[in-house]
Student: 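Here it is: the structure, laid out below.
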Amino acid sequence: MATAADSRWMAQALRLAERGLYTTSPNPRVGCVLMKGGAVVGEGWHERAGEPHAEVHALRMAKDAARGATAYVTLEPCSHHGRTPPCADALIAAGVARVVVAMQDPNPLVAGSGIARLRTAGIEVECGLMEGAARELNIGFCARMTRGRPWVRSKVGMSLDGRTALANGISQWITGAAARQDVQHWRARSCAVLTGIGTVLADDARLNVRELDTPRQPWRVVLDSHLRMPLDAQVLYGGGKTLIYTATEHPEKRAILQDLGGEVVVLPDAAGRVDLPGVMGDLAQRGCNELLVEAGSTLNGGLLKAGLVDELVLYVAPQLLGDAARSMAQLGELSGLDQCVVLEWQDVRQVGSDLRITARVKR
């Protein structure tokens with residue numbers, strides 16, 4: 001049974017895991033603390049994919065002191081050979097006596113086998129302590145592993161009456177500088193940032209992380225049914241991967257765009273538009289855990305109607321733009337309240353002069 005001390009050290013392991021918020025993709029964010037005799041003898045976190053996992057860093061710090069220690073790990077130790085050896089085997093070899101795990105790994109390659117291996121070796125294992133916090137930290141990884149698509153978070157900057165631009169398209173800037181800076185953190189933690197070709201044509205959006213120290217830029221993803229992407233669009237430049245999903249074969253332009261560094265993927269639906277569920281599945285296969293959508297009302301509406309949005313991050317400015325201005329999402333006319341998108345509030349806070357509201361789509 002977990003004690004107050006167990007909760008304290010698991011909380012520390014979660015804080016360590018959070019240090020990998022911007023860097024571990026496509027791997028999960030994991031922290032580990034090794035305790036012995038009431039003192040920390042080792043700790044670590046997973047920093048980057050392909051590099052040692054949290055348990056290995058903690059064991060290297062602890063050295064011989066790991067024997068007989070208790071390990072607090074935010075995710076079940078892996079039991080398979082990937083780019084690194086199994087962490088369950090490393091804990092066994094080090095002589096750890098007890099392992100407290102926040103949550104079972106949703107990866108089918110692990111899914112309880114790491115815990116089973118530890119128990120078979122005679123190690124006491126407890127699972128479930130602070131599971132909710134651990135799952136939140138890896139919400140995208142869990143989504144990709146359990147349903148085959150990323151966690152989709154749609155960011156919208158809007159007025160108090162839910163408008164994102166004037167009727168003539170002017171939208172810069174509805175929200176303030178503090179809100180725009182806050183968005184950079186959402187971009188930095190995301191594996192990819194997605195928009196539609198309309199936003200690229202109107203704003204020449206870059207979709208990269210700016211004014212924030214991060215070693216990794218998210219992929220830039222553009223949905224462009226008719227491959228109208230300008231060859232001088234900023235989204236094609238600046239390093240990092242640019243993915244363009246289209247519904248039409250344009251071999252010559254496709255070749256030019258790919259020479260510029262953009263990868264073009266032809267993925268049409270039955271109506272001749274880009275297949276939205278197909279895009280989500282393809283991104284997941286590429287290792288995308290968290291996807292940030294920064295798009296206009298048409299694409300926002302399409303994703304919501306398709307049931308592909310998990311979370312909304314709304315920056316609400318203290319102003320009214322009127323009913324002629326553009327809405328945040330084109331959902332069409334509803335004939336009954338049972339057709340509406342129902343949300344669950346997660347967080348509300350002030351960011352500069354604006355409000356940031358986080359809400360999740362209730363399934």
Side-chain angles (χ1 to χ4, degrees), residues 18-29 47-49 136-141 143-144 149-158 164 171-200 202-223 233-245 261-262 279-280 283-284 286-296 299-300 303 308-316 328 346-347 349 351-352 354 356-360:
E18 195 170 6
R19 295 187 186 183
L21 191 66
Y22 302 156
T23 61
T24 64
S25 174
N27 287 358
R29 299 139 184 160
E47 298 175 21
R48 291 178 182 83
E136 281 295 315
L137 190 58
N138 285 306
I139 197 165
F141 179 77
R144 179 166 68 90
R149 69 173 192 261
W151 181 262
V152 179
R153 186 179 283 123
S154 184
K155 184 277 296 182
V156 180
M158 65 184 195
T164 59
S171 63
Q172 294 180 330
W173 294 100
I174 293 174
T175 56
R180 297 195 296 274
Q181 176 62 29
D182 193 62
V183 170
Q184 300 304 313
H185 294 274
W186 294 110
R187 286 185 180 181
R189 69 173 289 167
S190 301
C191 301
V193 181
L194 178 146
T195 195
I197 187 62
T199 299
V200 173
D203 301 334
D204 199 14
R206 286 180 284 176
L207 304 184
N208 60 345
V209 179
R210 302 185 293 275
E211 302 174 15
L212 186 67
D213 185 21
T214 176
R216 178 192 62 86
Q217 285 288 344
W219 306 337
R220 292 161 294 186
V221 181
V222 181
L223 306 189
Q234 291 190 94
V235 75
L236 294 170
Y237 303 95
K241 180 189 288 289
T242 300
L243 284 165
I244 304 165
Y245 288 93
V279 168
M280 299 307 163
L283 287 172
R286 294 170 183 267
C288 180
N289 293 332
E290 296 183 24
L291 176 66
L292 182 67
V293 177
E294 299 190 32
L299 182 52
N300 278 333
L303 291 169
L308 296 174
V309 176
D310 298 298
E311 187 171 53
L312 294 172
V313 180
L314 309 174
Y315 292 90
V316 184
M328 62 171 284
Q346 298 295 309
D347 182 72
R349 65 184 65 193
V351 179
D354 306 310
R356 189 187 77 192
I357 301 173
T358 309
R360 290 184 180 168

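All values derive from a computational prediction rather than experimental measurement.
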Student: How long is the span from the CG atom in Leu292 to the CH2 atom in Trp186, to the nearest 0.5 Å?
Tutor: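 Answer rounded to 0.5 Å: 8.5 Å.
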Student: Tell me every residue that passes salt bridge (Lys or Arg N to Asp or Glu O under 4.0 Å) with Glu311, counting only those two or more places apart in sequence or in another chain.
Tutor: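 Residues passing salt bridge (Lys or Arg N to Asp or Glu O under 4.0 Å) with Glu311: Arg153, Arg360.
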Student: Could you pull out all residues at least two apart from Arg216 that satisfy salt bridge (Lys or Arg N to Asp or Glu O under 4.0 Å)?
Tutor: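 If we apply the salt bridge (Lys or Arg N to Asp or Glu O under 4.0 Å) test to Arg216, skipping adjacent residues, there are no hits.
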Student: May I have the step-by-step check of side chain to side chain donor-acceptor pair (under 3.5 Å) for Asn289 and Ser25, ending in yes or no?
Tutor: CA-CA 7 Å; Asn289 293 332; Ser25 174; 4.7 Å; no
Student: Does any part of the side chain of Asp182, heavy atoms only, come nearer than 4.5 Å to the side chain of Tyr315, both counted from C-beta?
Tutor: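 The answer is yes, as the side chains (C-beta and beyond) meet within the 4.5 Å cut-off.
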Student: Is the shortest heavy-atom distance from the side chain of Ile244 to the side chain of Leu236 under 4.5 Å?
Tutor: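 Of all side-chain heavy-atom pairs linking Leu236 with Ile244, at least one is under 4.5 Å.
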Student: Atom OG1 of Thr199 and atom CG of Asp204: how far apart are they, to the nearest 0.5 Å?
Tutor: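 Answer rounded to 0.5 Å: 11.5 Å.
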Student: Rounded to the nearest 0.5 Å, what separates atom CZ in Arg286 from atom CZ in Arg144?
Tutor: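 If I round to the nearest 0.5 Å, the distance is 13.0 Å.
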Student: Please say which of Val293, Val313, Asn300, Val316 ends up in a side chain to side chain contact (heavy atoms under 4.5 Å, CB included) with Val156.
Tutor: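 Only one of Val293, Val313, Asn300, Val316 forms a side chain to side chain contact (heavy atoms under 4.5 Å, CB included) with Val156, namely Asn300.
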Student: Look at the side chain of Arg149 and the backbone N and O of Met280, then say whether any donor-acceptor pair between them is shorter than 3.5 Å.
Tutor: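 Looks like no, no N/O pair under 3.5 Å.
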Student: Quick one: does any side-chain atom of Thr195 pair with a main-chain N or O of Glu294 as donor and acceptor, under 3.5 Å?
Tutor: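 It does hold such a pair.
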Student: What residues form a side chain to side chain contact (heavy atoms under 4.5 Å, CB included) with Cys288, not counting sequence neighbours?
Tutor: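 If we apply the side chain to side chain contact (heavy atoms under 4.5 Å, CB included) test to Cys288, skipping adjacent residues, the hits are Pro150, Cys191, Ala192, Trp219, Leu283, Leu291.
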Student: If every non-hydrogen atom of Gly140 is compared with every non-hydrogen atom of Trp151, which pair is closest and at what distance?
Tutor: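 That closest heavy-atom pairing would be CA-CB, 3.7 Å.
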Student: To the nearest 0.5 angstrom, please state how far the CG atom of Leu194 sits from the OG atom of Ser154.
Tutor: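 Result: 9.5 Å between the selected atoms.
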Student: Checking Asp347 now: which residues fulfil side-chain hydrogen bond (donor to acceptor under 3.5 Å, both in side chains) with it, not counting sequence neighbours?
Tutor: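 Listed in chain order: Arg349.
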Student: Return the CZ to CG distance between Arg189 and Leu212, rounded to the nearest 0.5 Å.
Tutor: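 The distance works out to 13.0 Å.
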Student: Just to verify, what does Arg210 make a side chain to side chain contact (heavy atoms under 4.5 Å, CB included) with, not counting sequence neighbours?
Tutor: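 For Arg210, the residues satisfying side chain to side chain contact (heavy atoms under 4.5 Å, CB included) (neighbours in sequence not counted) are Gln184, Arg187, Arg206, Asn208.
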Student: Quick check for you: to the nearest 0.5 Å, what is the distance between Met158 atom CE and Thr164 atom OG1?
Tutor: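 The OG1 atom of Thr164 is 9.5 Å from CE of Met158, to the nearest 0.5 Å.
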Student: Looking at every non-hydrogen atom in both residues, tell me the closest pair between Gln181 and Glu211 and how far apart they are.
Tutor: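 Heavy atoms of Gln181 and Glu211 come nearest at OE1-OE1, 2.9 Å.
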Student: Taking side chain to side chain contact (heavy atoms under 4.5 Å, CB included) as the test, write out the residues that go with Arg220, two or more places apart.
Tutor: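 Result, side chain to side chain contact (heavy atoms under 4.5 Å, CB included) vs Arg220: Leu207, Val235, Thr242.
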